[in-house]
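Below is one structure, written out as structure tokens; the observations come after it.
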Amino acid sequence: MIRFCSSIITNIPEDNDKPIVGVVEAGTGTGKTLGYCLPLIPLAMEKGKTLVLSTATVALQEQVVVKDLPEIQSQGGLKFSYAMAKGRGRYFCRLRYDAHVDAEHNAYGYVRDDMTSLGNEFASGDWNGERDTYPLELADKSWNKVNAVASQCPKIKCPHYKNCPFFAARSRLEEVDVVIANHDIVLSDLSLGGGVILPPPKETIYVFDEGHHLTSKAIEHFAANASLDNTARWLGDVSDMVMDMQTPYGEKMNDHVYKLVALASDTAAEMMTVRGTLLSSLNFRNDHGNIDVYRFPEGDVPNDVRALFKNGLYLANQMQSLVEKMIIIIDEAGDKIVAEDNARHKMAIGDLKNRVENLLEAMSRFAAPAKKGEFAVPVARWVNIKRDNKSEVIIHSSPVHAGEQLDRELWNEAYGVIITSATLRTMGNFNAYLNEAGLKMDTPTLLARSPFDYENNGVLFVPRMRSTPKNAEAHTDELIELMPKLMLRRKGCLVLFSSRKQMTEVCEGMPEDIKEHILMQTTMPKTEIVSRHKLRIDRGEPSIIFGMASFSEGVDLPGDYCDNVIIAKLPFSVPSDPVSQTMTEWMEKAGRNTFEEITVPQACIKLIQAVGRLIRTETDTGAVTILDSRIKNTRYGQNILDSCVMEKYESVITVVFQFVGKVPAPFSTSSLFAENLLKGEKLWNDPGTAGNLMLQKILAEQGAADHDDGKIHTRTTELKTHDERMAFQKLVGLPPYSDLTNAVGILIGGLEKAGRLISVKTTSATPLPNGETIISTRDAQRRLFFMNQHGICFTVDSQLLIAVDKLEGAKFFATEEELDAAGVKLWGENGTGRWRVLVAPIGEEICGLFEFGEMTTLGKRPEGRINELSL
């Protein structure tokens with residue numbers, strides 16, 4: 001990835017006029033932040049450009065600032081400066097604060113405590129004016145009255161300009177080498193022409209991390225809407241906004257004010273007329289709760305509806321012309337007007353200008369003629385009615401495809417761009433993303449695979465089911481039947497649903513003893529669910545999260561916090577919103593298959609993200625269960641499955657396993673997988689064969705030395721297919737989600753059926769797409785430790801393993817819980833729990849024989865603790 005990013009930016013010619021874009025899918029654990037920072041920071045500095053790192057969320061933005069970049073500076077040896085860019089609305093505006101405090105005092109005779117504290121904190125210098133650093137609690141409603149707003153900003157003519165938090169932050173961005181932003185800020189800056197909030201695009205190298213969000217955010221950003229009801233209301237307030245501007249600025253301003261107030265009144269009346277006509281003439285449908293919708297097919301608004309906005313557009317254009325003339329008068333007033341009054345007027349007229357421009361944009365886009373032609377991508381247009389807000393009418397328009405705008409405003413304007421994410425490919429290629437983003441199919445791409453061992457650490461399980469999600473009721477009933485068997489099989493469980501209704505019904509159908517462990521989305525905030533879940537796991541308690549799409553991405557639950565992911569069904573999106581419906585309509589009219597081109601790739605991305613919740617670190621293990629048989633029984637399902645994070649290439653496994661004495665019948669033609677068990681490692685100072693001799697003597701004294709023929713028998717077999725492996729799991733007595741490469745787990749989990757098994761050796765041959773084959777050999781042995789009455793521990797030959805259970809009065813305990821129930825106190829310490837203990841009377845003493853499946857944490861030497869062992 002370092003080489004790829006470097007080559008893309010290094011080879012840009014000085015007189016380049018073509019888009020320079022590279023696309024990288026970097027799997028979890030690849031260190032993609034390092035992958036783009038290490039080459040691009042010095043390259044940007046060398047070329048005299050600013051590197052803008054853009055993320056999809058503020059949370060990742062803060063992680064880059066607080067953790068990633070400081071580590072790169074301290075450990076990577078790079079010297080550079082950086083700062084985080086935030087939206088203007090995250091900064092305090094003293095001018096708006098003063099205006100609000102005056103209005104509050106005039107209206108109520110006092111100022112609320114939260115406002116007083118806000119002003120005092122800023123005036124004292126204890127607070128820098130950033131919302132995120134404010135030390136006291138403040139409601140969003142209060143903050144939105146005093147934060148910075150672009151349209152109301154007098155800029156350099158503001159009396160508080162020198163101490164303005166926003167412009168102080170903006171000046172820092174011009175001085176640093178690296179700016180950390182988010183997609184919303186970048187898109188906002190581009191819509192303003194570029195170089196307003198961030199450095200100019202031509203002087204910028206952009207990196208879009210979490211780049212799979214960029215296209216959807218661009219569509220949202222390029223959309224326009226206007227509430228006809230709210231518009232009529234604020235137009236009625238225009239008189240209060242401008243009336244005090246008459247006298248200070250002379251007769252010409254006086255004329256403009258009266259004309260503006262009259263135009264505002266006429267425009268408000270026109271908006272209400274249009275509102276009434278739309279309500280009475282359109283056949284609205286209720287598909288979204290309290291919101292009724294009418295969508296214009298193919299985004300084509302009929303001529304008679306478009307004509308409704310003709311007069312409103314004319315009046316709003318007249319208002320815009322007057323507002324611009326008033327702005328010129330205010331700007332030219334200079335020292336003739338008191339600075340505070342001039343700034344306040346600039347703030348008011350700027351706010352009015354912004355509102356009129358937004359209204360004009362919304363009406364003009366909505367009433368524009370639809371594009372015609374075979375390759376003309378439509379614009380979605382629709383009208384909403386909010387029934388819970390006195391039938392508020394809102395007009396909408398939105399592009400259905402972001403490619404054209406991104407090409408025009410970003411790809412062709414930027415010096416260079418790198419797009420990266422853990423999920424950009426669908427169905428094994430980048431084509432769908434390149435099309436969405438408006439990039440050419442020959443755009444350079446790179447796949448940087450995750451270093452995590454998904455093959456050995458994760459198991460993908462698709463059980464046989466009677467129903468499919470097409471029969472929602474039957475599928476939900478089957479989920480209710482299956483879930484109790486699946487959710488508590490490991491520690492931390494995450495169950496992901498595509499339907500809120502199904503999630504609620506499944507939760508209600510769970511037994512009470514399981515329901516008490518469920519934390520369901522919608523019942524509490526997401527952060528609270530994650531916090532409670534982690535606390536339960538830390539306490540050793542079961543915990544289950546029921547979540548929807550937001551839990552499929554951006555939730556990091558490593559280790560035991562999430563070792564069991566259950567996906568209720570393939571995350572197909574039904575095109576229910578006007579933008580998706582318009583896109584589907586257009587594609588189908590052109591003879592294209594929207595299911596294959598849009599629905600399946602989108603489901604593929606969502607499923608990859610969901611599956612990716614399981615393996616977050618190199619040591620994570622667990623199982624993913626998909627309760628949707630379509631992923632196995634349909635062609636598109638198999639294609640999706642092939643694209644999953646846990647994709648596997650079929651391996652041929654040769655297994656050699658050994659038994660002492662007579663070979664148990666079930667294992668005469670079967671085999672065991674194995675994992676390296678640190679073979680040969682000595683954890684104790686074993687004095688030769690002393691342990692063997694001592695145990696043989698005891699066995700002989702009790703007449704328990706007969707252990708069949710005493711010979712070691714070897715069997716070899718191959719497991720080539722999925723069915724063979726599943727049959728083997730069933731034979732050994734392992735659950736179907738078990739990790740077949742973990743010999744320790746199999747050795748312990750299948751002890752009852754494989755009691756005579758003493759060693760396993762496995763050779764795995766895995767073919768790769770590039771023609772290479774990975775050969776992996778693993779082996780494991782069962783070991784026995786004998787502790788005598790003096791507290792000294794010896795290793796014992798594994799051939800004696802079969803005989804020890806013939807000791808008179810001996811009893812095996814498989815788990816710590818069984819030992820506790822029997823009143824047996826433990827010696828030493830062992831954190832794995834993967835062991836069995838034989839407690840047997842030998843002579844007049846009680847001694848222990850400890851059989852370990854894993855010899856990594858035996859614990860401290862048990863000398864002096866023999867008396868703690870008792871039956």
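The shown structure was predicted, so the numbers you read here are calculated from the model rather than taken from an experiment.
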- prompt: How far does CG of Leu198 sit from CG of Asp189, to the nearest 0.5 angstrom?
  reply: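 Nearest 0.5 Å value for the CG-CG distance: 4.5 Å.
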query: Do Lys515 and Glu512 meet the salt-bridge criterion of a basic N to acidic O distance under 4.0 Å?
result: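 Here Glu512 pairs with Lys515 in a salt bridge, since their nearest N and O are under 4.0 Å apart.
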- request: Using a strict cut-off of less than 4.0 Å between a Lys/Arg side-chain nitrogen and an Asp/Glu carboxylate oxygen, indicate whether Asp556 and Arg616 qualify as a salt bridge.
  value: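 Answer for the salt bridge query: yes.
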Closest heavy-atom pair and its distance - [X], [Y]:
X      : Y      : answer
Arg295 : Trp382 : CA-CB, 3.7 Å
Gly211 : Ile419 : CA-CG2, 3.9 Å
Pro571 : Ala603 : CG-O, 3.6 Å
Val179 : Ala85  : CG1-CB, 3.8 Å
His475 : Leu627 : NE2-O, 2.8 Å

Could you check whether [Y] and [X], counting side-chain N and O atoms only, form a donor-acceptor pair closer than 3.5 Å?
X      : Y      : result
Lys606 : Ser573 : yes
Thr116 : Arg112 : no
Ser552 : Gln609 : no

message: Quick check: Tyr433 with His212 (ring centres under 6.0 Å apart)?
response: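 No, the ring of His212 stays outside the 6.0 Å limit from the ring of Tyr433, centre to centre.
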- request: Indicate, with yes or no, if the rings of Trp143 and Tyr134 have centres closer together than 6.0 Å.
  value: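 No, they do not, as the ring centres are separated by 6.0 Å or more.
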Given 3.5 Å as the limit, does a donor-acceptor pair link the side chain of [X] with the main chain of [Y], or not?
X      : Y      : result
His100 : Lys145 : no
Ser421 : Leu424 : no
Ser54  : His183 : yes
Asn182 : Ala56  : no
Gln63  : Asp68  : no
Thr30  : Gly27  : yes
His517 : Ser543 : no

- request: Check step by step if side chain to side chain donor-acceptor pair (under 3.5 Å) holds for Thr476 and Gln502.
  value: CA-CA 6 Å; Thr476 297; Gln502 187 177 63; 3.1 Å; yes
Does atom [atom1] ([X]) have a neighbourhood of more than 12 heavy atoms from anything else shown, all under 6.0 Å?
X      : atom1 : answer
Asp126 : CG    : yes
Lys526 : NZ    : yes
Glu516 : CD    : yes

task: Check step by step if side-chain contact (heavy atoms from CB on, under 4.5 Å) holds for Ile544 and Val495.
output: CA-CA 7 Å; Ile544 304 162; Val495 186; 4.0 Å; yes
- prompt: When the ring planes of Phe92 and Phe122 are compared, do they come out parallel, tilted or perpendicular, using 30° and 60° as the limits?
  reply: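 Geometry flag for Phe122 against Phe92: tilted rings.
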message: Using 30° and 60° as the class boundaries, would you call the ring planes of Tyr110 and Tyr108 parallel, tilted or perpendicular?
response: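 Ring orientation of Tyr110 relative to Tyr108: tilted.
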- request: For Ile197 and Ser188, run side-chain contact (heavy atoms from CB on, under 4.5 Å): C-alpha distance rounded to whole Å, both residues' side-chain angles, the deciding distance at 0.1 Å, then the answer.
  value: CA-CA 8 Å; Ile197 303 172; Ser188 295; 4.3 Å; yes
- prompt: Should Ser142 and Met115 count as side-chain neighbours, where that means a heavy-atom distance under 4.5 Å?
  reply: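 Yes, close enough: below the 4.5 Å cut-off.
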